[in-house]
J.: 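I'd like to ask some things about the structure below.
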Amino acid sequence: MGSAISLRSGFDGNRLRLRARQTKDASQARRLLALASIYDGGSRADAARLGSVTVQIATL
């Protein structure tokens, strides 16, 4: 199992959700929503579900 990657301090869940609403790219919106979930303390499984990927891919 790999080591955890720290989150950037310049972002938060609310800011990422705003960016997700502004983008025209559906794939980018899903990734931003997945990151917002993680910033808000969500699980990897929640983020993977939102990002439409498996948990293993979400942890890379």
Side-chain angles (χ1 to χ4, degrees):
M1 179 168 201
S3 61
I5 298 172
S6 61
L7 298 174
R8 291 179 56 175
S9 61
F11 292 97
D12 60 23
N14 290 331
R15 183 176 290 169
L16 291 171
R17 275 189 281 291
L18 174 64
R19 298 260 187 200
R21 283 193 300 271
Q22 293 172 339
T23 187
K24 304 278 190 242
D25 184 336
S27 295
Q28 182 183 32
R30 283 193 301 272
R31 290 189 299 270
L32 289 167
L33 291 173
L35 285 169
S37 173
I38 292 169
Y39 271 89
D40 290 342
S43 69
R44 293 184 309 173
D46 290 340
R49 184 179 47 79
L50 289 168
S52 298
V53 296
T54 65
V55 175
Q56 183 178 9
I57 292 171
T59 61
L60 294 179

J.: Can you run down the salt bridge (Lys or Arg N to Asp or Glu O under 4.0 Å) pairs that involve residues 14-41, sequence neighbours left out, and say none if there aren't any?
T.: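 Non-adjacent pairs meeting salt bridge (Lys or Arg N to Asp or Glu O under 4.0 Å): Arg17-Asp40.
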
J.: To the nearest 0.5 Å, how far apart are CG in Leu32 and CZ in Phe11?
T.: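 Nearest 0.5 Å value for the CG-CZ distance: 9.0 Å.
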
J.: Quick one: CG on Leu33 to CG on Leu16, what's the gap to the nearest 0.5 Å?
T.: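 Taking CG in Leu33 and CG in Leu16, the distance rounds to 9.0 Å.
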
J.: Could you grab the distance from atom CG of Leu18 to atom CG of Asp12, nearest 0.5 Å is fine?
T.: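 Leu18 atom CG to Asp12 atom CG measures 10.0 Å (nearest 0.5 Å).
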
J.: Mind checking the OG-CZ spacing from Ser37 to Arg44? Nearest 0.5 Å is all I need.
T.: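 One gets 12.5 Å once the value is rounded to the nearest 0.5 Å.
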
J.: For the residue pair Ala36 and Gly13, what are the closest heavy atoms and their distance?
T.: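 Between these two residues, the closest heavy atoms are CB-O, 3.6 Å.
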
